[in-house]
Amino acid sequence: MENLIALLVAAPLLGAAVLLCGGRRLDRVGHLLGTLLAAASFVIGVVLFADMLGKNADDRTFTQHLFSWIPVEGFQADVSFQLDQLSMTFVLLITGVGSLIHIYSIGYMEHDERRRRFFGYLNLFLAAMLLLVLADNYLLLYVGWEGVGLASYLLIGFWQHKPSAATAAKKAFLVNRVGDMGLSIAVMLMFTTFGTFAFGPVLKSAEEHLGGGATLTGIALMLLLAACGKSAQVPLQSWLGDAMEGPTPVSALIHAATMVTAGVYLIVRSGAVFNASPDAQLVVVVVGAVTLLFGAIVGCAKDDIKKALAGSTMSQIGYMVLAAGLGPIGYVFAIMHLVTHGFFKAGLFLGAGSVMHGMNDEVDMRKYGALRKYMPVTFVTFGLGYLAIIGFPGLSGFFSKDKIIEAAFAKGGTEGWILGSVALLGAAITAYYMTRVMIMTFFGEKRWQPDGEGHEPHPHESPKSMTIPMIVLAVGSVFAGGFFSIGDRFLHWLEPVTEHSHGNAPISATTVTAATMVVLVVGAGLAYLQYGRRPVPVVAPRGSLLTRAARRDLLQDDFNHVVLVRGGEHLTRSLVYVDHTLVDGVVNGTAASVGGLSGRLRKLQNGYARSYAVSMFGGAALIVAATLLMRAV
Amino acid sequence: MNPVNYLYLAALLFTIGATGVLIRRNAIVVFMCVELMLNACNLAFVAFSRMHGNLDGQIIAFFTMVVAAAEVVVGLAIIVSLFRSRHSASVDDASLMKL
């Protein structure tokens with residue numbers, strides 16, 4: 001049974017290889033092949049899952065050693081897989097949601113002549129992500145990590161004829177490189193400190209605080225930097241909004257099943273390292289809390305439906321990172337929110353794609369309105385996703401987000417109060433911006449306008465291949481949270497891997513739930529008053545200072561431009577200045593002084609025989625004097 | 001007579017010769033001064049030979065005379081051809097060999 005693990009990765013990898021190398025003759029069947037292999041991977045995952053459920057909780061870690069990759073004395077890098085409850089959760093999420101997105105893409109990309117290539121990239125994305133979560137050591141994880149970066153680059157820039165898409169892909173890749181540097185430094189530090197990078201020994205050593213607190217904090221912070229890059233956390237968040245240039249299924253895949261979840265996985269997987277370093281944990285929660293608010297505020301101001309959803313992803317991942325930074329109190333809930341988020345965010349993105357599909361690829365929500373009558377299925381599935389993400393009682397987001405807010409309070413002390421309040425505030429803003437998206441898209445009156453070529457949009461429901469995945473995801477958005485939470489199923493499932501402690505909550509769970517409900521009503525009500533009661537202007541009003549800043553992603557690009565681009569330019573300019581003045585100065589100065597000296601010495605060669613005779617006499621006199629002096633001494 | 005006096009005379013002659021080489025411009029005079037210095041050396045050699053009671057110094061004096069004779073032949077030839085080409089026997093005029 002354990003030999004099936006490699007097949008999980010191999011199936012989509014085979015798909016990618018065949019589709020990308022197969023050439024045009026596969027154009028007709030490429031999309032079916034890609035979808036089939038993704039689904040095959042999902043089926044293998046389910047088989048393994050069933051097998052795992054049949055075993056005792058302590059006996060659920062499967063390993064498969066494939067081959068020895070770099071066997072050198074004292075340096076053992078193996079390609080071997082480890083499938084435990086945490087990996088299993090990710091495998092099911094990645095392959096499950098991934099397969100649905102494949103099915104959806106069949107319809108969405110129908111008119112794109114490069115559809116075969118698109119499916120090849122999707123398969124590559126799945127394979128890299130599966131490698132990432134199945135690796136049993138950090139080096140192999142790094143391979144998957146880079147693979148995810150490559151696949152996201154290819155997919156975000158899929159419509160490379162658009163300069164904006166090409167730039168967005170490049171930006172995503174470059175920002176991710178910064179995080180990748182963090183991971184590679186962390187892996188190197190692990191090897192020099194512990195002499196290995198396999199999960200088991202590294203985490204065991206970290207638990208025993210081997211290597212000293214400072215080193216562990218260093219490793220943890222480098223891992224956090226890596227997570228920030230992949231999961232779009234402040235300060236490496238700027239690529240996520242631009243990544244919306246890719247086709248919508250790609251956005252769904254990046255935001256729900258792959259890519260951004262990798263950072264959370266890394267933190268939870270390296271839990272022992274973070275547990276050993278309270279300082280690093282503090283940084284993690286701060287990053288999570290800041291990103292949570294950052295993403296939410298950006299989401300409020302965007303008129304582009306996909307960018308509003310991107311802001312929301314950033315914010316929700318912020319919740320997960322916050323939970324992961326809380327330590328054993330939060331690991332389980334971080335992953336639980338990740339899974340439920342996978343359902344409703346994939347559903348929301350596919351819904352957004354469906355809306356765009358019906359509206360001539362218009363993304364500006366100010367030009368939507370009243371779509372609920374024209375796209376009933378999209379409306380219902382998107383609506384369920386909406387209710388799930390804001391945490392409507394009984395739906396997925398309600399259970400998972402509530403647990404995170406509780407855990408934040410349970411951190412204890414002033415820190416707990418601050419984190420809890422930030423999480424609550426985030427919940428209010430989430431309710432606000434999602435209600436805004438919902439109302440602007442599906443309610444109110446028609447604000448449609450002909451596109452650039454004068455085509456009047458004719459909104460229509462999308463084909464079955466697109467609506468069925470949306471329906472499946474909507475079902476998940478509704479029931480997943482309840483299924484996981486009732487009887488603490490998810491907690492018991494993950495506890496053997498991540499450990500769990502309850503913390504000491506200063507306020508009861510019921511109070512937190514009640515507070516969450518209150519902020520939800522306030523947030524959603526505010527959005528209703530602003531957008532539901534009044535007509536939405538087609539041209540965005542100027543807005544307050546904060547709104548304008550949020551429209552520009554809270555000046556993140558301006559910040560990067562001023563600090564990094566300008567700073568880099570200044571650095572290079574000053575380096576060039578130093579090079580010109582100091583380095584060139586020394587070189588040219590030496591040459592000039594040698595030249596000047598020889599110019600003076602040259603004067604001795606004046607051609608007058610008598611002056612040569614003087615020097616000869618002088619020299620002879622000097623030698624005689626020296627001889628006499630030496631004899632005298 | 002004390003042989004040291006010959007050495008004084010040789011030193012005096014050498015100094016006169018050297019001064020002449022350094023300050024006179026006429027090639028012929030410079031040439032004569034060089035001869036004077038050579039003969040001062042000869043005198044010193046012979047004086048030392050007498051003082052030490054062996055013939056080494058005298059033999060070297062003969063060598064010097066031979067070399068001086070050869071030098072006169074070559075040197076005068078140079079001076080004559082120089083005068084022919086430049087119509088001057090000044091050593092300062094022949095200053096082409098410089099950087």
Side-chain angles (χ1 to χ4, degrees), chain A residues 564-633, chain B residues 4 7-8 10-42 44-45 48 64 67-68 71-72 74-99:
Chain A
L564 300 176
V565 178
R566 291 277 177 75
E569 280 173 358
H570 278 298
L571 183 69
T572 42
R573 237 179 267 142
S574 46
L575 283 179
V576 167
Y577 178 75
V578 168
D579 183 45
H580 278 169
T581 53
L582 202 71
V583 178
D584 286 9
V586 168
V587 173
N588 292 342
T590 312
S593 54
V594 169
L597 198 66
S598 38
R600 302 237 153 71
L601 283 174
R602 196 189 57 153
K603 298 249 164 72
L604 294 176
Q605 298 276 339
N606 50 14
Y608 294 120
R610 293 186 302 147
S611 84
Y612 299 154
V614 168
S615 21
M616 214 169 97
F617 276 109
L622 216 62
I623 289 169
V624 170
T627 317
L628 289 176
L629 198 71
M630 292 311 289
R631 285 182 67 181
V633 174
Chain B
V4 176
L7 289 181
Y8 288 139
L12 186 68
L13 287 175
F14 188 90
T15 311
I16 292 169
T19 315
V21 168
L22 294 182
I23 65 173
R24 295 305 295 263
R25 290 184 194 164
N26 192 316
I28 302 289
V29 179
V30 171
F31 199 64
M32 289 196 303
C33 290
V34 170
E35 291 304 313
L36 196 58
M37 286 158 70
L38 284 170
N39 283 312
C41 292
N42 278 349
F45 275 126
F48 280 125
T64 312
V67 171
E71 182 229 328
V72 167
V74 177
L76 273 177
I78 291 173
I79 290 169
V80 168
S81 62
L82 192 70
F83 185 80
R84 276 194 186 153
S85 66
R86 311 191 78 103
H87 302 289
S88 149
S90 166
V91 289
D92 283 4
D93 285 349
S95 63
L96 288 173
M97 299 259 298
K98 63 182 174 191
L99 282 167

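Values reported hereafter were calculated over all heavy atoms of this structure, with side chains retained and with hydrogens, waters and symmetry mates removed. In this text the structure is predicted, and so the values were computed from the model without any measurement. Every chain is numbered from 1, with letters handed out A, B, ... down the list of sequences.
- Annotation: residues 21-33 of chain B contacts chain A through B:Val21, B:Leu22, B:Ile23, B:Arg24, B:Arg25 [non-hydrogen atoms, separation under 4.5 Å].
- Within the structure, salt bridge (Lys or Arg N to Asp or Glu O under 4.0 Å) contacts touching residues 565-585 of chain A (residues at least two apart or in different chains) are A:Glu569-A:Arg573.
- Listed by sequence position, A:Val614, A:Phe617 are the residues of residues 614-633 of chain A in contact with chain B, using a 4.5 angstrom heavy-atom cutoff.
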Using a 3.5 Å cut-off and no angle test, enumerate the donor-acceptor pairs between side-chain atoms of residues 82-94 of chain B and protein atoms at least two apart in sequence or in another chain.
{"residue": "B:Ser85", "atom": "OG", "partner": "B:Ser81", "partner atom": "O", "Å": "3.4"}
{"residue": "B:Ser85", "atom": "OG", "partner": "B:Leu82", "partner atom": "O", "Å": "3.1"}
{"residue": "B:Ser88", "atom": "OG", "partner": "B:Ser90", "partner atom": "N", "Å": "3.0"}
{"residue": "B:Ser88", "atom": "OG", "partner": "B:Asp93", "partner atom": "OD2", "Å": "2.9"}
{"residue": "B:Ser90", "atom": "OG", "partner": "B:Asp92", "partner atom": "N", "Å": "3.2"}
{"residue": "B:Asp92", "atom": "OD1", "partner": "A:Arg610", "partner atom": "NE", "Å": "3.1"}
{"residue": "B:Asp92", "atom": "OD2", "partner": "A:Arg610", "partner atom": "NH2", "Å": "2.6"}

